[in-house]
Engineer: 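Pasting a structure here, questions to come.
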Amino acid sequence: LAGATAAFVSFGAVLSTVQEAADKIDALTDTAAGLGSAVGDLQAFQFAMSEAGNVDAEKSIQALQRIQKTVGEIAGGGNKAEIFDQLSIDANSLSLQNPIDQFMTVKAALGGIENVSERAATAQKLLGKSAADLIPALISEQAEFEASMAAANAFGVTVSEEGAAGIAAMNDSIGRVSAGMEGIANQAAVALAPAVE
């Protein structure tokens with residue numbers, strides 16, 4: 001009995017870990033769709049940001065969103081065009097790239113600014129107050145950053161679009177089973193209510 005109980009608890013722990021991973025991937029898939037990127041690319045990017053500058057997953061996404069927003073504002077005639085002029089980046093061309101490529105382009109340009117204070121000020125104009133936390137990743141070597149992204153794929157950290165779709169379908173099925181169980185409980189309560197009264 002003790003062995004069976006231990007096996008059941010162990011299986012439950014594994015199942016919980018798998019469900020947690022599935023929930024993260026499902027949420028990241030929605031984020032990727034909003035950014036116009038592939039979920040696997042976002043996972044590789046988050047992994048590289050963590051290795052390059054100890055930047056957590058949420059801040060990595062926020063950095064992409066901030067750059068994408070700034071690029072959109074400038075391409076739409078916004079008043080921050082001087083930032084990209086200073087970095088010798090064409091905002092219109094940048095607006096046609098996916099968010100990770102946009103980040104990599106900006107990263108390369110910022111890495112070319114040798115004056116530390118100027119680089120920090122430019123990064124803050126682009127990324128706001130969060131720039132200070134992102135500087136180590138922004139100034140990391142491009143080749144090393146790209147190698148980290150490739151390593152994420154090699155280690156199985158990333159999932160394919162098909163895999164992400166399968167996880168989304170699984171989570172939907174789990175949600176429906178849960179809703180069905182709740183429905184059974186609701187109907188049982190309705191049936192029992194007169195007897196209890």
Side-chain angles (χ1 to χ4, degrees), residues 1-73 76 97-103 127-134 137 148-197:
L1 185 60
T5 301
F8 181 77
V9 170
S10 178
F11 175 75
V14 169
L15 192 60
S16 176
T17 301
V18 169
Q19 184 61 56
E20 185 179 330
D23 289 343
K24 282 183 181 178
I25 292 168
D26 203 4
L28 191 61
T29 300
D30 293 338
T31 301
L35 285 168
S37 181
V39 65
D41 291 343
L42 275 189
Q43 289 173 310
F45 176 76
Q46 289 175 325
F47 183 82
M49 289 288 280
S50 176
E51 283 202 336
N54 201 26
V55 179
D56 68 32
E58 186 177 344
K59 284 184 180 176
S60 297
I61 296 299
Q62 289 170 353
L64 291 179
Q65 291 169 332
R66 184 64 187 254
I67 287 179
Q68 193 175 49
K69 179 183 176 188
T70 303
V71 170
E73 287 173 354
Q97 297 178 358
N98 71 54
I100 294 173
D101 288 341
Q102 288 177 348
F103 182 90
L127 299 164
K129 295 177 182 176
S130 64
D133 297 330
L134 300 171
S148 289
M149 291 182 68
N153 290 317
F155 296 154
V157 172
T158 62
V159 297
S160 66
E161 292 300 291
E162 294 79 9
I167 287 169
M170 178 190 77
N171 277 353
D172 288 346
S173 296
I174 290 171
R176 289 171 186 161
V177 169
S178 179
M181 296 300 288
E182 184 180 348
I184 290 170
N186 288 346
Q187 295 309 311
V190 169
L192 284 172
V196 171
E197 185 179 355

Engineer: Name every donor-acceptor pair, under 3.5 Å, that has one atom in a side chain of residues 27-36 and the other anywhere in the protein, sequence neighbours excluded.
Structural biologist:
{"from": "Thr29", "atom 1": "OG1", "to": "Ile25", "atom 2": "O", "distance (Å)": "2.7"}
{"from": "Thr31", "atom 1": "OG1", "to": "Ala27", "atom 2": "O", "distance (Å)": "3.3"}

Engineer: Give the minimum heavy-atom separation between Lys59 and Asp133, together with the two atoms involved.
Structural biologist: NZ-OD2, 2.9 Å

Engineer: Is there side-chain contact between Leu42 and Leu64, with at least one heavy-atom pair below 4.5 Å?
Structural biologist: yes

Engineer: Where do Met149 and Ala48 come nearest, in terms of heavy atoms and distance?
Structural biologist: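 Minimum heavy-atom contact is CG-CB, 3.5 Å.
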
Engineer: Can you name the closest pair of heavy atoms from Ser60 and Met49 and give their distance?
Structural biologist: OG-CB, 3.3 Å

Engineer: Please name the pair of heavy atoms, one in Ala57 and one in Gln46, separated by the smallest distance, quoted to 0.1 Å.
Structural biologist: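 Heavy-atom minimum between the residues: O-NE2, 3.3 Å.
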
Engineer: When rounded to the nearest 0.5 angstrom, what is the spacing between CD1 in Ile67 and CD1 in Ile100?
Structural biologist: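 CD1 of Ile100 is found 11.5 Å from CD1 of Ile67.
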
Engineer: Could you pull out the closest heavy-atom pair between Thr158 and Gln43, with the gap in Å?
Structural biologist: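 Taking Thr158 first and Gln43 second, the nearest heavy atoms are CA-OE1, 3.1 Å.
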
Engineer: If the condition is side chain to side chain contact (heavy atoms under 4.5 Å, CB included), which residues does Glu197 pass it with, not counting sequence neighbours?
Structural biologist: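 Counting only residues at least two positions away or on another chain, Glu197 forms no side chain to side chain contact (heavy atoms under 4.5 Å, CB included).
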
Engineer: Roughly how far, to the nearest 0.5 Å, is the CD atom of Gln68 from the CD atom of Gln97?
Structural biologist: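 It is 11.5 Å, given to the nearest 0.5 Å.
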
Engineer: For residues Phe103 and Ala63, report the shortest heavy-atom separation together with the two atoms involved.
Structural biologist: CE1-CB, 4.2 Å

